[in-house]
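All remarks here apply to the structure that follows.
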2 protein chains.
Amino acid sequence: MAIRPAEQLIHKAAWLYYAHGLRQDEVAIQLKISRASVAMYLRKARETGIVNISTSTQLFTDDVMARRLEDAFKLDAVWIAPENAYVADPSTDIAVLAASVFLELVSKGDRIGVAWGRTVYTIADIMSYADLQDVTVVQLCGNLGAPYSYRPDQCTMEIARRLNAKGLNFYAPLVLSTEELAEGLRAEPVIRDQLAGISDCDLALYSVGAVDANSHLVKCGALTPAEMAALRKQGAAGVIAGQIIDANGEALDCSYNRRVISAEIASLRAIGKRLMVVQEDSKFEPLLAAIAGGLCTHLVVGAHMAGRLLDHAGAVSKKAS
Amino acid sequence: MAIRPAEQLIHKAAWLYYAHGLRQDEVAIQLKISRASVAMYLRKARETGIVNISTSTQLFTDDVMARRLEDAFKLDAVWIAPENAYVADPSTDIAVLAASVFLELVSKGDRIGVAWGRTVYTIADIMSYADLQDVTVVQLCGNLGAPYSYRPDQCTMEIARRLNAKGLNFYAPLVLSTEELAEGLRAEPVIRDQLAGISDCDLALYSVGAVDANSHLVKCGALTPAEMAALRKQGAAGVIAGQIIDANGEALDCSYNRRVISAEIASLRAIGKRLMVVQEDSKFEPLLAAIAGGLCTHLVVGAHMAGRLLDHAGAVSKKAS
DNA sequence: AGCTAGATTTGACTTTTGTCGAGAGCCGTG
DNA sequence: CACGGCTCTCGACAAAAGTCAAATCTAGCT
């Protein structure tokens with residue numbers, strides 16, 4: 001796409017200011033516009049990812065606790081957001097960190113799978129803009145026509161928009177009423193291709209859901225509270241990309257799962273980097289299940305959750321010895 | 001390496017300021033230090049690459065001229081620094097652009113070959129800091145113990161330092177007095193390994209030298225002006241990584257080349273991305289030779305040089321038709 | 001052509017940031 | 001333990017950047 005004259009100016013201003021280190025008034029003189037305009041262009045440049053400001057997330061991996069978690073759970077990397085009152089909202093803290101980590105993990109030409117949930121949408125929402133034209137963001141699971149603003153397709157599109165990347169949406173409902181229909185739909189070329197393309201992703205971004213009445217699956221009407229409770233009795237331990245998993249991180253053998261249009265658990269495991277972000281403390285067991293199932297190589301959690309995970313690991317190894 | 005307490009503070013300040021978007025005074029309150037200290041920490045964070053500010057170099061590739069050059073010379077990407085009085089010093093302009101392009105081309109885990117020359121050193125000198133711990137910078141050619149500050153090992157080390165990367169130096173002179181000695185030295189395990197590792201690089205950064213009395217080879221005493229003139233008569237067209245190349249970009253068959261300890265031309269060609277940066281207008285012919293020899297996939301030049309290249313390409317194709 | 005809605009630009013003002021020298025704390029040393 | 005030399009920190013001031021309402025420009029429409 002050709003650059004419009006206005007964008008040209010933004011580029012030039014950004015270049016002179018950030019790369020050459022000129023002051024805004026100097027830039028204004030060079031470009032023969034007012035300094036106020038320069039300030040505005042620079043803001044736009046930051047907002048659109050023409051300039052990229054990223055901060056190292058080392059601080060959060062260097063934590064001893066993060067190291068111990070990596071060892072205990074055999075994860076590639078763990079980031080721990082300190083919960084001790086850095087910033088006003090503690091849950092935002094995790095999302096901000098997750099967004100930074102995510103941007104750090106993305107490389108050029110990557111294909112990225114994005115699932116769905118409040119956590120993912122929060123991340124998308126605060127993620128800074130970047131300019132990664134050759135990146136593709138694919139939706140990992142079908143849609144739920146919910147009144148919520150964090151529908152799967154919205155998560156995907158928002159992240160794609162922020163990265164200046166291509167978004168690949170999934171035009172299918174997350175869950176159908178009969179297994180036959182789901183099977184038929186999965187066989188549709190459009191859908192089949194999308195599903196087949198998931199294992200080619202380089203990076204996945206998702207959270208894990210809890211199996212209770214607060215789950216989005218219940219709130220969006222995919223399951224009734226009663227059904228959810230029943231699934232729980234059957235061994236449901238968490239929700240990943242709209243599917244129910246058991247304590248071992250395998251798809252639970254149940255009618256609901258067979259009616260779902262989503263990435264197969266095996267496809268998810270085939271993705272090189274699987275970034276899981278967990279905000280709520282209540283998702284302890286779902287997270288354990290996801291880790292057990294190898295659905296997570298990179299993990300972003302809060303300090304409290306990290307502590308619980310370590311305690312758990314300690315208890316297990318103690319029992320074993 | 002464990003983070004020192006002071007660095008910890010720098011990280012925290014950078015995090016709160018750049019990732020969370022707090023103001024300096026808010027950060028100061030959070031960290032219980034004065035705002036002045038925060039300002040200082042932030043400067044350090046920028047200087048050490050804890051925060052990374054990069055600007056898209058799109059502006060310079062989007063130039064129509066750049067596109068035409070890519071087509072005419074079958075290059076992967078071309079960046080053209082506008083010479084029309086953006087900034088005070090025009091040659092710095094090219095170096096600043098080259099540094100940005102270089103940083104854009106580097107990815108995590110890369111192995112980078114760096115050659116030597118004033119141009120390369122200028123780039124190293126203005127390059128902003130980054131935090132790429134798993135990158136290795138290797139020296140492409142032997143040293144010249146010159147009084148100059150841009151010795152091959154210095155170029156390598158400076159770039160490695162800026163990137164926070166590992167520098168791999170070459171402890172051998174660039175040129176020896178006899179062919180036998182050079183051959184013997186090349187067979188030394190330490191040297192052999194370094195030379196063998198060059199083709200494994202993902203990215204090379206170099207310029208091309210002119211074959212005249214101003215060449216560094218002459219200034220550093222590797223060749224006398226008379227010898228240089230003689231080589232020119234024999235078909236020398238340029239200097240790459242301390243070696244003499246002919247108009248086709250092949251190593252010239254001469255005693256000097258046989259006495260040199262440097263990356264073989266074939267090894268250079270084996271490197272995926274070969275970024276060539278040319279500042280001086282006088283290096284037109286050397287550049288043509290380098291391009292002819294396929295020693296350059298990515299090119300950064302000034303507008304005037306770009307014009308000359310296009311004229312040349314036009315003339316050649318006209319003659320051909 | 002004349003008009004209007006919207007975007008863009010500007011000057012004046014406010015807020016935020018950078019800087020500098022002074023002072024405080026912290027060693028190792030005589 | 002007193003002394004320099006060192007780094008780190010702070011307060012106050014100067015410089016730079018951000019903001020906003022008003023002015024100007026633009027393009028589409030009648």
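Within every chain, numbering begins at 1; the chains are lettered A, B, ... in the order of the sequence lines, protein sequences first and strands thereafter.
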Starting at [atom1] of [X] and ending at [atom2] of [N], how long is that distance when rounded to a whole Å?
{"X": "Ile29(B)", "N": "dT17(C)", "atom1": "CD1", "atom2": "P", "value": "12 Å"}
{"X": "Ile10(A)", "N": "dT8(C)", "atom1": "CD1", "atom2": "C1'", "value": "12 Å"}
{"X": "Glu47(B)", "N": "dG18(C)", "atom1": "CD", "atom2": "C1'", "value": "13 Å"}
{"X": "Gln24(B)", "N": "dA16(D)", "atom1": "CD", "atom2": "P", "value": "15 Å"}
{"X": "Tyr17(A)", "N": "dA17(D)", "atom1": "OH", "atom2": "C1'", "value": "7 Å"}
{"X": "Leu42(A)", "N": "dT9(C)", "atom1": "CG", "atom2": "P", "value": "13 Å"}

For Asp202(A), give me all partners under side-chain hydrogen bond (donor to acceptor under 3.5 Å, both in side chains), at least two apart in sequence or on another chain.
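With sequence neighbours excluded, Asp202(A) shows a side-chain hydrogen bond (donor to acceptor under 3.5 Å, both in side chains) to no residue whatsoever.
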
Tell me every residue that passes side-chain hydrogen bond (donor to acceptor under 3.5 Å, both in side chains) with Ser34(B), counting only those two or more places apart in sequence or in another chain.
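Partners of Ser34(B) under the side-chain hydrogen bond (donor to acceptor under 3.5 Å, both in side chains) test: Ser37(B).
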
Main chain of Leu105(A), side chain of Lys273(A): is a donor-acceptor contact present, judged purely on distance under 3.5 Å?
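Yes, because the side chain of Lys273(A) sits within donor-acceptor range (under 3.5 Å) of the backbone of Leu105(A).
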
Sub-3.5 Å donor-acceptor pair from the side chain of Arg162(B) to the main-chain atoms of Tyr129(B), do we have one?
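Such a contact is absent between Arg162(B) side chain and Tyr129(B) backbone.
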
Check: Arg46(B)/Tyr18(B) side-chain N/O donor and acceptor closer than 3.5 Å
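Short answer, yes.
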
Any side-chain donor paired with an acceptor under 3.5 Å for Thr57(A) and Trp79(A)?
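Yes, side-chain donor-acceptor contact under 3.5 Å.
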
Would one find a side-chain N or O of Arg43(B) under 4.0 angstrom from OP1 or OP2 of dT19(C)?
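Checking dT19(C) against Arg43(B), a side-chain N or O does come within under 4.0 Å of OP1 or OP2.
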
It should be established whether Tyr41(B) places a side-chain nitrogen or oxygen under 4.0 Å from OP1 or OP2 of nucleotide dT9(D).
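The answer is yes; a side-chain N or O of Tyr41(B) sits under 4.0 Å from OP1 or OP2.
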
Quick one, give me the B/S/- string for nucleotides 10-15 of chain D, reading 5' to 3', where B means a protein heavy atom under 4.0 Å from the base and S means that only happens at the primed atoms, P, OP1 or OP2.
BB----

Per Lys44(B) side chain, nearest of listed nucleotides dC8(D), dG18(D), dT19(C)
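Among dC8(D), dG18(D), dT19(C), the one nearest the side chain of Lys44(B) is dC8(D).
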
